[in-house]
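Order of the sequence lines fixes the chain letters, A, B, ..., with proteins taken first and strands second; residue numbering starts at 1 for each chain.
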Amino acid sequence: MEKVLDRVQSFFLDMSVLEVMNPNVISVRPDRTLRQVKEILRIKRISGVPVVDSERKIVGIVSIEDIIKALEGGYIDEKVQNHMTKNVVCLKSSDTLKEVIETFEKYSYGRFPVVDENNRVLGIVTKNDVMMALLAKLGLVYLHDERRKEVLESPDYFDRSLITGESLDKSGADFYFPIDYYDINLAGVGASKLRQFLLSKGVDPEMARRVAIATYEAETNVVIHSGSTGAIYCFIKPDSIFVRVEDTGKGIDNVELAMKEGYSTAPDHVRELGFGAGMGFTNMKRCSDNLMVVSKVGAGVVVEMEFRRNREGSR
Amino acid sequence: MKLSEIVKALKLEVCCGNCEIDVRYGCVGDLLSEVMAHAKPDSIWITVQSHVNIIAVSVITGIRAIVLCNAHSFSSEAIEKAKAEGVCLLRTDKSPFEIAGRLYGMGIEP
């Protein structure tokens, strides 16, 4: 649970201020009068405006409180530059939501301009903007969750074997490995563990080898291409071994094309490491006796492979 | 053939692992899937690929030793992983072509 909270927290707190801020800033020049500002605030229904020079660099800020003081003090027709707050607390474009919240806690102001390295105004953040950004992000989370649910709950897609059509009791798998990492350096950990597991169960080494090779390819695909996490399930049956590798990532648009030898969409940085030869499915096909791939774009990929035990014996 | 004989004859630098093992087959390649497709168990693998994933490929396919050519270096991660998995890592300034030719001449099988 703590882990989940940590993840959710970082999901929100790491949001860039650029996602949170309102980029359509209403600002005034220093030579305007406070009365003009009062009119702008009234017409635009806002509570403060940054004051900028001719290069849009921030020089001050005027809030509705300053206007009230001006009305009380009788200087509402004087220029903004004489009465604005000059030490403006600003957010940097590199800040995250975490810093935005900390800034709101530290200062009692209602709004913070976001500036670039030259102090030029890029946007403005009010508490309302923070709330709207969080709601928008929650909307995305919610959508993602619904989509997962659809995939997970569809019996034809996720709970039935693609090869046999039988319903699959994944909790009864003899081997389970969650592909819960995105680090390409770790690719193949699950397949290596599966190989060891099979050997420990007395499976013929040559057979364990071809199961591991095919699983390695499927696992690497999840890490490189899915953009999501996934899982490896293995069932040991009397005359065959059955492996299922699934993910809930972006899916394959054209499975037929992806199965073609030499076809790969791996990015260059991955190819430099020796991946992306377009051999993945070819190797899976070659090593297994039965291969099924089903994918829905945006919903993930399921790869199922059957390895018959008599193949080694008949050689 | 004993790996130690090969190390001696080709003057290979041993980065980690036990050289008192037998290797029978050889393979050459830098694309991991290509190697997975063709390498036989008890092989010695000639490559310029030094990335840590070569260890996983070796373990899965049954490759016993890796010769890294053209003076490339293994990452410390790769060496740690190889030690843990019992894969022998070797390196040389020579080219994959020369190493392959010499091994073939010594009787390592394709």
Side-chain angles (χ1 to χ4, degrees), chain A residues 177 179 181 183-199 204-221 223-225 232 243 260-264 266 269-288 312, chain B residues 17 21-25 27-70 72-87 89 91 96 109:
Chain A
F177 179 85
I179 309 173
Y181 59 89
D183 183 359
I184 188 73
N185 289 343
L186 295 173
V189 182
S192 300
K193 288 209 165 122
L194 177 57
R195 177 178 163 274
Q196 272 173 354
F197 171 79
L198 294 175
L199 291 175
D204 176 89
E206 181 53 32
M207 174 148 191
R209 182 172 171 268
R210 63 188 174 94
V211 173
I213 291 175
T215 307
Y216 174 95
E217 295 289 4
E219 182 184 4
T220 313
N221 278 353
V223 179
I224 297 177
H225 299 290
I232 302 171
V243 173
K260 248 189 205 150
E261 188 164 343
Y263 178 82
S264 174
H269 73 271
V270 168
R271 284 181 201 245
E272 278 164 20
L273 303 176
F275 296 99
M279 293 279 295
F281 281 117
T282 311
N283 272 354
M284 288 182 231
K285 236 186 279 182
R286 194 180 51 82
C287 291
S288 63
E312 272 72 29
Chain B
I21 52 169
D22 285 305
V23 287
R24 180 164 174 197
Y25 302 102
C27 71
V28 187
D30 306 315
L31 284 172
L32 305 182
S33 288
E34 190 71 26
V35 173
M36 299 265 268
H38 300 292
K40 295 172 182 163
D42 298 326
S43 287
I44 179 166
W45 173 15
I46 303 160
T47 187
V48 291
Q49 189 63 255
S50 57
H51 181 251
V52 62
N53 239 272
I54 57 178
I55 313 301
V57 169
S58 300
V59 171
I60 288 168
T61 52
I63 288 168
R64 307 293 300 273
I66 303 171
V67 187
L68 187 63
C69 300
N70 292 347
H72 285 282
S73 303
F74 292 106
S75 65
S76 54
E77 285 160 278
I79 293 177
E80 285 312 306
K81 189 95 197 285
K83 278 182 189 162
E85 298 285 358
V87 176
L89 297 186
R91 61 186 290 271
E109 298 171 42

### Per-residue contact mode, N185(A) against chain B (heavy atom under 4.5 angstrom)
both

### Message
Heavy-atom cut-off 4.5 Å, strictly under: side chain, backbone, both or neither for R195(A) against chain B?
### Response
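The answer is the side chain of R195(A).
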
### Residue pair S58(B) / E85(B), side-chain heavy-atom distance below 4.5 Å
no

### Query
Hey, does M207(A) have a side-chain heavy atom less than 4.5 Å from the side chain of L198(A)?
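No, their side chains stay 4.5 Å or more apart.
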
### Query
So which part of V52(B) gets closer than 4.5 Å to some heavy atom of chain A, the side chain, the backbone, both or neither?
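When you check distances to chain A, only side chain atoms of V52(B) fall under 4.5 Å.
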
### Query
So which of A56(B), G62(B), P41(B) has the biggest tally of heavy-atom pairs under 4.5 Å with chain A?
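The residue among A56(B), G62(B), P41(B) with the greatest pair count is P41(B).
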
### Message
So does G29(B) get a backbone contact from the side chain of T47(B), meaning a donor-acceptor N/O pair under 3.5 Å?
### Response
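Yes; at least one donor-acceptor contact below 3.5 Å.
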
#### Entry: Side chain R271(A), main chain A266(A), donor-acceptor under 3.5 Å
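At least one qualifying donor-acceptor pair exists.
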
